[in-house]
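Step one of this worksheet: look at the structure below.
What's counted below: heavy atoms across the whole structure, side chains too, no hydrogens, waters or symmetry copies. Ligands are counted one by one from 1 in listed order, and the atoms in each one are counted from 1 as well.
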Amino acid sequence: MSAIATKPSKTADGLRETREYMNFVDGDWARSSSKQTFENRNPADNDDLIGTFQESNESDLNAAVDAAHKAYEGWRLTPAPRRAEYLYRIGDILKRDKDKIAREMTREMGKVFAETKGDVQEAIDMAFLAAGEGRRMYGQTTPSELQNKFAMSVRMPLGVAGLITPWNFPIAIPAWKGFAALITGNTVVIKPASLTPLSVIMLAEAMEEAGLPKGVFNVVTGGGKEVGEPMLKNPKVAVISFTGSTNVGREISMACAPTFKHLHLEMGGKNIIMVMDDADVDLAVDGALWGAFGTSGQRCTAASRIAVHSKVYDAFVEKLAGRAKKLRVGYGLDPKIDMGPNVSEGQLKTVQKYVKIGQDEGAKLVAGGKALTEKTGTWDYSKGFFHEPTVFADVKPDMRIAQEEIFGPVTAVMKIESLEEAIAVGNSVRYGLSSSLYTRDVNKAFTAMRDMYTGLFYVNAPTIGAEVHLPFGGTKDTGNGHREAGVAGLDVFSEWKSIYIDYSGSLQRAQIDTEEI
Ligand code: NDP
């Protein structure tokens with residue numbers, strides 16, 4: 001059992017039993033050897049205790065790695081189409097339980113129900129995409145330079161994959177990483193974000209129900225220092241895949257360097273929507289609203305910068321500010337609500353800090369700007385970490401609010417005079433995740449598509465909206481050259497082996513300058 005009931009607690013929708021959730025190691029649900037737990041509370045309603053979770057330590061992590069290491073031989077040798085059958089089953093279970101999982105995720109993390117359903121849907125999509133790869137996983141066959149010799153390349157798994165995941169996509173990101181790792185023949189140990197352990201436990205429950213062999217997928221909850229760092233040191237972990245902040249990503253990179261662990265980093269973003277004078281302004285406002293305030297702005301692809309041509313600037317700012325003010329903020333399980341809380345008090349404080357920085361820098365606050373702290377007809381905001389959707393106008397590209405990742409419901413609108421200026425502003429940040437252009441001019445669209453140095457680019461759509469069958473990731477301080485999702489996601493969890501089969505019956509020497517043909 002993933003959890004045991006402890007005591008009843010008051011929740012946003014009544015009285016509910018509180019549960020103590022376990023780690024999932026070697027196919028069993030187990031307590032940490034620390035015998036300590038930590039609490040996880042609803043960010044919209046701090047009275048609502050989601051549950052208590054194992055405050056694990058290095059020895060718990062090492063036990064999970066040992067289990068994954070032991071399971072690796074069997075899993076590696078399970079034919080990929082058979083591995084795929086487990087993933088199809090997991091996808092079906094997630095589909096069946098989508099609403100239930102999404103509801104718990106909204107409680108755990110705060111984003112609105114439609115968005116948490118989208119999060120689960122991404123996990124479902126990735127389960128089926130990865131499962132399909134079980135019958136493809138193409139390598140290359142190619143002519144040999146010698147007669148009677150066959151040449152090909154095949155993917156091989158790496159071993160134990162260590163996954164460290166964030167809280168903003170609590171099941172989608174673990175699924176993106178986990179399913180790609182599993183289909184390529186690796187076993188997995190995952191450390192979920194301490195703010196969202198339940199979502200990953202629900203993923204492990206689906207794996208257990210699907211009959212995944214013991215030790216193939218393991219979950220250890222606990223802190224970055226206590227569980228994450230030991231994972232980086234453990235010699236049996238062959239590859240680390242991390243999504244989170246650039247600062248932690250840099251530390252992880254350094255910790256992995258001495259042992260040359262394979263490493264995939266997916267980090268911050270400061271994404272831009274560029275609106276040209278020929279754009280459909282209403283469409284661009286729709287996109288900006290969704291891009292900036294979806295998931296309360298807590299997406300690595302959030303549209304936290306908007307560059308608007310001077311000819312449509314005033315109209316755009318007026319419409320965006322008006323629409324932002326009308327967004328309904330509250331508890332994400334209420335279908336009338338557009339935007340939930342920030343995930344934690346820490347994130348709320350970061351947002352407040354940046355609002356002050358923006359004002360001090362001289363940007364013009366045209367919507368929002370305040371934390372919500374009172375009880376209203378909509379919700380008792382004092383119980384959570386709510387902030388108004390906030391729009392700054394007249395922002396200069398070098399202001400901190402236009403350069404630094406805020407990760408909250410704040411966007412910075414800048415005035416530009418041309419596409420060239422928009423592209424220069426767009427590329428002027430340290431991150432390179434996502435960018436988008438609103439225009440009706442195909443020449444402008446293709447120019448920006450070529451010149452934006454970001455891993456994702458959209459035309460007439462906001463900076464968010466990635467689909468699982470294309471590579472996902474970014475340049476510069478956003479990533480370290482790898483991508484997840486799509487076929488590219490398999491590269492993180494596999495190595496190429498080139499194979500030569502000589503059926504000539506004689507010694508043939510490649511790379512020798514010879515005329516013997
Ligand atoms: P972090 O980078 O701190 O955390 C991400 C994951 O790394 C969590 O599982 C965390 O564990 C773990 N971790 C933290 N420190 C270490 C460590 N030293 N070694 C190994 N693992 C570690 O992100 P936060 O959740 O604190 O968010 C902070 C900022 O990161 C945000 O404001 C945003 O800018 C950015 N971010 C970007 C995301 C993206 O999608 N690119 C996603 C989330 C955050 P634990 O939860 O236990 O601390």
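Protein heavy atom nearest atom 34 (O) of ligand 1, with residue, atom name and distance: E405 OE1, 2.6 Å. For atom 38 (C) of ligand 1, the nearest protein heavy atom (residue, atom name, distance) is F407 CZ, 3.5 Å. Distance from atom 39 (C) of ligand 1 to its nearest protein heavy atom, with residue and atom name: C300 CB, 3.3 Å. In terms of protein heavy-atom proximity, atom 11 (O) of ligand 1 is nearest to K191 NZ, 3.0 Å. The protein non-hydrogen atom at the shortest distance from atom 25 (O) of ligand 1 is W167 NE1, 2.6 Å. Closest to atom 3 (O) of ligand 1 among all protein heavy atoms lies V248 CG2, 3.6 Å.
In this structure, K356 pairs ionically with D360, as a charged nitrogen and a carboxylate oxygen lie closer than 4.0 Å. Of the charged side-chain nitrogens involved, at least one lies within less than 4.0 Å of a carboxylate oxygen, so that K177 and E484 count as a salt-bridged pair. Under a 4.0 Å N-O distance rule, the pair R41/D48 does not qualify as a salt bridge.
Taking a cut-off of under 4.0 Å to the non-hydrogen atoms of M267, the atoms of ligand 1 that pass are 39 (C), 41 (N). Those atoms of ligand 1 with a heavy atom of E251 less than 4.0 angstrom away are 18 (N). Close contacts between ligand 1 and T165 involve ligand atoms 6 (C), 8 (C), 9 (O) [criterion: under 4.0 Å to a heavy atom]. Heavy-atom contacts of G228 reach the following atoms of ligand 1: 20 (C), 21 (N) (cutoff under 4.0 Å). The T243 neighbourhood of ligand 1 comprises atoms 5 (C), 39 (C), 40 (O), with distances under 4.0 Å to a heavy atom of that residue. Atoms of ligand 1 found under 4.0 Å from any heavy atom of I164, numbered from 1 in the order shown, are 6 (C), 7 (O), 9 (O), 12 (C), 20 (C), 21 (N). Counting atoms of ligand 1 from 1 in the listed order, those under 4.0 Å from a heavy atom of S194 are 45 (P), 46 (O), 47 (O).
Within the 4.0 Å heavy-atom shell around ligand 1 one does not find L195. Within the 4.0 Å heavy-atom cutoff, G222 counts among the residues contacting ligand 1. Within the structure, ligand 1 has Q347 among the residues with a heavy atom less than 4.0 angstrom away.
No donor-acceptor contact under 3.5 angstrom links the side chains of Q36 and Q54, judged on distance only. Side-chain contact check for S245 and N247: no donor-acceptor pair (N or O, by modelled atom type) lies under 3.5 Å. Looking at T295 and E115, their side chains do bring a donor and an acceptor atom within 3.5 Å of each other. Using modelled atom types, one finds no donor on one side chain facing an acceptor on the other under 3.5 Å when comparing T411 with S304. Side-chain atoms of N234 and N62 include a donor-acceptor pair closer than 3.5 Å.
Proximity annotation for atom 43 (C) of ligand 1: of S344, P166, P230, P166 comes nearest, heavy atoms only. When the heavy atoms of G473, G223, S245 are ranked by distance to atom 35 (C) of ligand 1, first place goes to S245.
The closest donor-acceptor contact from the side chain of N271 to the backbone of A302 lies under 3.5 Å. Side-chain N or O atoms of T475 include one that pairs as donor or acceptor with a backbone N or O of Y453 at under 3.5 Å. Side chain of N218 to main chain of V189: no donor-acceptor pair is present (N/O by atom type, distance under 3.5 Å, no hydrogens or angles).
For ligand 1, the polar-atom distance check finds an N/O of G224 within less than 3.5 Å of one of the ligand's N/O atoms. Polar contact with ligand 1: absent for F242 (N/O pair, distance under 3.5 Å). Taking any N or O of E229, backbone or side chain, at least one lies under 3.5 Å from an N or O belonging to ligand 1.
Checked against the 6.0 Å centroid threshold, W176 and F493 do not count as a close aromatic pair.
Closest approach of V425 and S428 over heavy atoms only: O-OG, 2.7 Å.
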